[in-house]
Amino acid sequence: MEKLADIITIADTKGGTTKSTVAVHIAAFCAQSGLKTLLIDFDLEQPTSCSYFPFENEAPCGVYEFIVLHESNLDKLISTTKISNLYVMSSNSVRQEIISNLKSSADSIIRLKSCLKLIQFEYDVIIIDTVGTIDPTVSMAVLAADIVLSPLDPLMPGVKEYLRGTVNNLFKSLIPFKDYGLRLPSIFTFFNRVEESNDCKRIMELFKHSITKLSDITSLYNLTTLVKHIKKQNSYKVAASLGIPAFQSYSENDKTAVHPYKITKQQAQAVIEDIHYLCTNILPRFKANFDAFVLSKIA
């Protein structure tokens with residue numbers, strides 16, 4: 001029997017926590033590791049993922065047709081990128097339009113899960129980027145996932161919002177669906193953009209202590225806080241401007257450029273080690289692919 005794609009939803013109810021950055025880099029890393037990868041931009045408020053990588057061929061349809069009209073023709077839905085094995089379904093609808101179309105449907109909360117079953121056999125990995133809030137589209141994306149990955153900024157407001165909004169509100173609200181036969185996804189969370197400061201260290205300790213108090217929720221999701229923290233890297237900003245992954249070194253060819261772009265091999269190496277760590281933890285069955293890709297970049 002053919003193995004279905006692993007579905008990963010990037011979710012946190014707070015905006016600005018690098019969800020899209022994490023989504024595109026995991027997608028690019030998986031694709032360049034030889035895995036057929038689909039990146040779905042389900043952030044219907046501020047779509048970013050679908051604009052990151054240049055398209056080789058842009059599809060005329062996207063999330064709206066997939067979710068609302070049940071379109072399953074991949075030629076209409078899926079755009080190809082200039083990165084081999086990386087495909088994108090674009091966000092092409094405002095959030096409220098999707099919500100209003102689904103609010104009277106009996107299957108609204110599981111619509112995305114149902115639709116993905118039509119295309120899941122086509123890919124090795126499907127990654128879903130979401131909006132930073134609590135609404136039906138995020139709930140749909142969480143219930144559709146095998147794995148939820150939540151990047152956390154080491155800032156007090158962000159940690160409090162994750163505990164209050166994401167865990168104690170979003171995740172808790174979906175637990176009753178377990179009684180109707182829906183499997184809750186495993187959750188991985190990690191600290192991103194970490195700096196060497198006492199403030200960061202204290203906030204991470206606070207989170208570690210506080211999350212244990214929510215074990216009645218987190219145990220049902222098998223929530224894991226990853227040990228390694230991802231350090232802040234300026235190369236992510238440069239890579240976004242270039243439309244490339246930050247684990248790809250780059251040097252400006254135009255010697256006359258006043259403000260040249262550059263990603264050094266050392267910077268790229270630091271990023272690829274971080275993304276490799278994330279991917280091997282959330283997708284262990286592809287570890288051999290990931291290890292081989294990293295070795296090829298080092299060689």
Side-chain angles (χ1 to χ4, degrees), residues 4-14 17-23 25-27 29-30 33 35 113 124-130 132 134 138-139 141-156 158-175 177-178 182-194 200-231 271-291 294:
L4 297 178
D6 288 298
I7 300 174
I8 303 164
T9 289
I10 315 296
D12 181 359
T13 54
K14 185 181 181 300
T17 59
T18 70
K19 289 187 295 296
S20 296
T21 299
V22 170
H25 279 83
I26 288 178
F29 185 87
C30 288
S33 296
L35 305 177
K113 187 179 184 72
D124 297 308
V125 180
I126 297 174
I127 297 163
I128 306 169
D129 189 17
T130 62
I134 298 175
V138 182
S139 297
V142 170
L143 287 178
D146 300 305
I147 298 155
V148 170
L149 184 63
S150 296
L152 290 175
D153 266 342
L155 300 171
M156 193 63 76
V159 166
K160 288 181 177 179
E161 170 58 22
Y162 184 77
L163 294 168
R164 182 201 64 81
T166 307
V167 176
N168 209 28
N169 196 329
L170 173 62
F171 295 156
K172 185 177 181 179
S173 71
L174 299 177
I175 290 173
F177 289 98
K178 191 172 182 287
L182 292 180
R183 188 185 63 82
L184 299 177
S186 297
I187 298 172
F188 292 86
T189 187
F190 67 97
F191 280 97
N192 202 15
R193 297 193 292 197
V194 173
C200 275
K201 292 173 184 176
R202 289 185 68 169
I203 289 169
M204 290 187 289
E205 282 299 317
L206 171 69
F207 176 79
K208 184 179 178 181
H209 174 72
S210 300
I211 198 71
T212 59
K213 297 179 180 179
L214 298 172
S215 60
D216 57 324
I217 302 170
T218 59
S219 61
L220 294 173
Y221 284 93
N222 191 27
L223 189 147
T224 301
T225 302
L226 296 177
V227 175
K228 182 177 180 179
H229 309 312
I230 309 303
K231 292 183 178 180
V271 173
I272 203 168
E273 288 174 2
D274 288 341
I275 304 302
H276 175 264
Y277 172 79
L278 292 178
C279 288
T280 51
N281 273 275
I282 63 176
L283 294 168
R285 75 182 178 105
F286 296 121
K287 185 178 185 299
N289 298 72
F290 301 146
D291 291 349
V294 171

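Numbering of residues begins at 1 and proceeds along the displayed sequence. Worth knowing before you read on, the calculation uses all heavy atoms, side chains too, and leaves out hydrogens, waters and symmetry mates.
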Salt-bridge present (D216, K172; N to O < 4.0 Å): no

Check against side chain to side chain contact (heavy atoms under 4.5 Å, CB included), S150 and Y162: CA-CA 9 Å; S150 296; Y162 184 77; 3.5 Å; yes

Salt bridge present between D153 and R193 (N-O < 4.0 angstrom): yes

From I26 atom CD1 to I10 atom CD1, the distance as rounded to the nearest 0.5 Å: 4.5 Å

More than 12 heavy atoms of other groups within 6.0 Å of K178 NZ: no

Point-to-point distance, once rounded to the nearest 0.5 Å, from CG of L152 to CE of M204: 11.0 Å

Interatomic spacing from CG in L149 to CD1 in I282 - rounded to 0.5 Å: 5.0 Å

SG on C30 to NE2 on H25, rounded to 0.5 Å: 12.5 Å

Minimum-distance pair of heavy atoms, taken over all atoms of G165 and I134: O-CD1, 3.5 Å

Check: F290 and I275 side chains under 4.5 Å, non-hydrogen atoms: no

Side chain proximity check, L163 to I211, heavy atoms < 4.5 angstrom: yes

Test applied, side chain to side chain donor-acceptor pair (under 3.5 Å); reference residue, D274; option that passes from K231, K228, H229: K228

Side chain proximity check, L223 to T189, heavy atoms < 4.5 angstrom: yes

Pairing of D6 and R285 as salt bridge, 4.0 angstrom limit: yes

L170/S139 under side chain to side chain contact (heavy atoms under 4.5 Å, CB included): CA gap, chis, key distance, verdict: CA-CA 7 Å; L170 173 62; S139 297; 3.7 Å; yes

Exceeds 12 heavy-atom contacts within 6.0 angstrom, atom NZ of K113: yes

Distance, nearest 0.5 Å, that separates SG of C279 from CD1 of I8: 7.0 Å

Minimum-distance pair of heavy atoms, taken over all atoms of K287 and T280: CG-CG2, 4.0 Å

N169 side-chain N/O to R164 backbone N/O, donor-acceptor pair under 3.5 Å: no

From I128, T130, V148, residue fulfilling side chain to side chain contact (heavy atoms under 4.5 Å, CB included) relative to V142: V148

Parallel, tilted or perpendicular: rings of F207 and F191 (30°, 60°): perpendicular

Chi angles and distances behind the side-chain hydrogen bond (donor to acceptor under 3.5 Å, both in side chains) call for D12, T166: CA-CA 6 Å; D12 181 359; T166 307; 3.0 Å; yes

Taking every non-hydrogen atom, the tightest pair across N192 and P154: O-CD, 3.0 Å

Derivation of the side chain to side chain contact (heavy atoms under 4.5 Å, CB included) call for F29 and I272: CA-CA 8 Å; F29 185 87; I272 203 168; 3.8 Å; yes

Partners passing ring-ring contact (aromatic ring centres under 6.0 Å, His included) against H276 (at least two apart in sequence or in another chain): none

Nearest-0.5 Å distance, CG of residue D124 to CG of residue L35: 5.0 Å

Shortest non-hydrogen contact from E161 toward K14: CG-CB, 3.6 Å

Non-hydrogen atoms of L184 and L174 that approach each other most closely: CD2-O, 3.7 Å

Test log, rule side chain to side chain contact (heavy atoms under 4.5 Å, CB included), inputs V294 and E273: CA-CA 8 Å; V294 171; E273 288 174 2; 5.8 Å; no

Distance-minimising heavy-atom pair for L226 and Y277: CB-OH, 3.7 Å

